[in-house]
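Take a look at the structure set out below.
Just so we're on the same page: letters track the sequence lines, and every chain starts at 1.
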2 protein chains.
Amino acid sequence: MALKNKSLYAILGILNVSPGTGYDIKKYCDTVLSGFWNENFGHIYPTLKKMLVDELVEIVESEKSEKKIQYQITPKGQMELEAWLMEDTETQPMRSEFMLKLIFSSNQPKEHIIKMLEDYKQIHVEKLEKYLDMQHDLEQGIEEITKERTSFLKALLRRGVLSCEATIRWCDETIDSGL
Amino acid sequence: MALKNKSLYAILGILNVSPGTGYDIKKYCDTVLSGFWNENFGHIYPTLKKMLVDELVEIVESEKSEKKIQYQITPKGQMELEAWLMEDTETQPMRSEFMLKLIFSSNQPKEHIIKMLEDYKQIHVEKLEKYLDMQHDLEQGIEEITKERTSFLKALLRRGVLSCEATIRWCDETIDSGL
DNA sequence: GGTTTCATGTAACATGTTACATGATTCT
DNA sequence: AGAATCATGTAACATGTTACATGAAACC
């Protein structure tokens, strides 16, 4: 049973940065972690409830209102997070539907393959722009983040940039090759 | 309901290259598609049975023996495959446990972070070597593959190479930065 | 004769996504 | 006043993984 609920660790990590609601956690995934991690509500809310029972998180009573439930990490939660951070990360199997489709497309019309590659390139051009914008914002110090965390966010964005650039380069090369 | 069983398409695509057993399909994923797609038996066998009922595949009776069941794609299966190949591919959300861990590691000891990055680099160095070997084998024409398919396999491997190189470069940069 | 690879399959479990329901608050 | 965003949650469904059971055939 090498399966572990990674959503739990994502939530612990996010709440360790700052307390927040389930909604905040989702937003964090969609912005800061976008391109590297995603969560959906169908996972976040039930997981938070389970974590509450396990005392990995607790409700910030002072912030509690009718519709808003603010969670914060507990010392036990921090220990759990720490343990996970120290663990080796197993490489996870990849599944790229695009590459799967491409490899089976040798009999497809060339125009269609070129279009596939151009669309794929476009997606990565836009993604690259987004990372560059985020990099710019980070340099300007728009948000209030500790110096420590800033360098980690920079590394994250740099990874996104290099990865997009590699993909774009590959698309160009492959389109040029005519296959 | 935008969910589609992609294993089905992977199986159709593989059987469209050449007929084979469930075991063969798994092997194909672990070799040719490794790094881009994976399947496990718990998915392959039940899916094959379902596909048989739906007449997307059929059993090659002449090759049938007690333990070995060889499948081939049917015309209906080819139509289904074709339709999928023509469809736009939606971008799928990414989940990198390594990046998730890194982003939450700003309070971890520097040595541990460097070790994480070095391990991660090593994995990609080995992966790169594997792709380069496969590229070499393909150039030598070791296997019997049509010219058409060869250029697609080359593109696939080239993607793997560029992607590994980008990751290795990022690891080096990040280690050098000292974060 | 023993080990590895080939070969099929299932049950239990774990994870992930979508659609829907509900309503408050904030912005324009 | 109406639209967008904030906010929580569940049920149904879809997907994915592991562990186990079984045994033949090929290799050394």
Separation of D:dA4 atom P from A:Lys27 atom NZ, nearest Å, is 18 Å

When you measure from the side-chain N and O atoms of A:Asn40 to the phosphate of C:dT17, is any distance below 4.0 Å, counting only OP1 and OP2?
yes

The residue, B:Arg95 or B:Lys49, whose nearest nucleotide of DNA chain C is more 5′ is B:Lys49

Taken to the nearest whole Å, CD/A:Gln92 to P/D:dT18 is 12 Å

Among the nucleotides D:dG9, C:dT15, C:dG9, whichever has the atom closest to the side chain of B:Ile69 is C:dG9

Minimal heavy-atom distance between B:Val60 and B:Tyr71, with the atoms involved, is CG2-C, 4.1 Å

Whole-Å distance, A:Lys68 NZ to D:dG9 P, equals 14 Å

Separation of C:dA14 atom P from A:Glu90 atom CD, nearest Å, is 16 Å

Taking OP1 and OP2 of D:dG16, is either one under 4.0 Å from a side-chain nitrogen or oxygen of B:Asn38? no

- Would one find a side-chain N or O of A:Ser7 under 4.0 angstrom from OP1 or OP2 of C:dG16? yes

B:Phe41 CZ to D:dA19 C1', in whole Å, measures 14 Å

Taken to the nearest whole Å, NZ/B:Lys50 to C1'/D:dA14 is 10 Å

Atom CD1 of A:Ile44 and atom C1' of C:dT15 are separated, to the nearest Å, by 14 Å

From the list A:Lys121, A:Lys115, A:Gln122, side chain to side chain donor-acceptor pair (under 3.5 Å) with A:Asp119 holds only for A:Lys115

Using a 4.5 Å side-chain heavy-atom cut-off and chaining through intermediate ILVMFWY residues, the residues clustered with B:Met94 come out as A:Met94

From NZ of B:Lys26 across to C1' of C:dA7 the rounded distance in Å is 13 Å

What one should report as the nearest heavy-atom pair of B:Thr167 and B:Tyr120 is CG2-CE2, 3.7 Å

- Task: Please check if the side chain of B:Lys101 supplies one atom and the backbone of A:Met86 the other of a donor-acceptor pair under 3.5 Å.
- Result: no

Among C:dG16, C:dT22, D:dA24, the one nearest any side-chain atom of A:Lys67 is C:dT22

With the side chain defined as heavy atoms from C-beta on, A:Pro93 is closest, among D:dT8, C:dT10, D:dT17, to D:dT17

In numerical order, the residues of residues 17-25 of chain A whose heavy atoms come under 4.0 Å of DNA chain D are A:Thr21, A:Gly22, A:Tyr23, A:Asp24

Inset, instruction - Could you walk me through whether B:Arg169 and B:Glu173 pass the salt bridge (Lys or Arg N to Asp or Glu O under 4.0 Å) test, one step at a time? - result: CA-CA 6 Å; B:Arg169 186 176 153 195; B:Glu173 264 187 26; 3.7 Å; yes

Worked verdict on A:Trp37 versus A:Glu39 for side chain to side chain donor-acceptor pair (under 3.5 Å): CA-CA 7 Å; A:Trp37 198 260; A:Glu39 287 295 342; 2.9 Å; yes

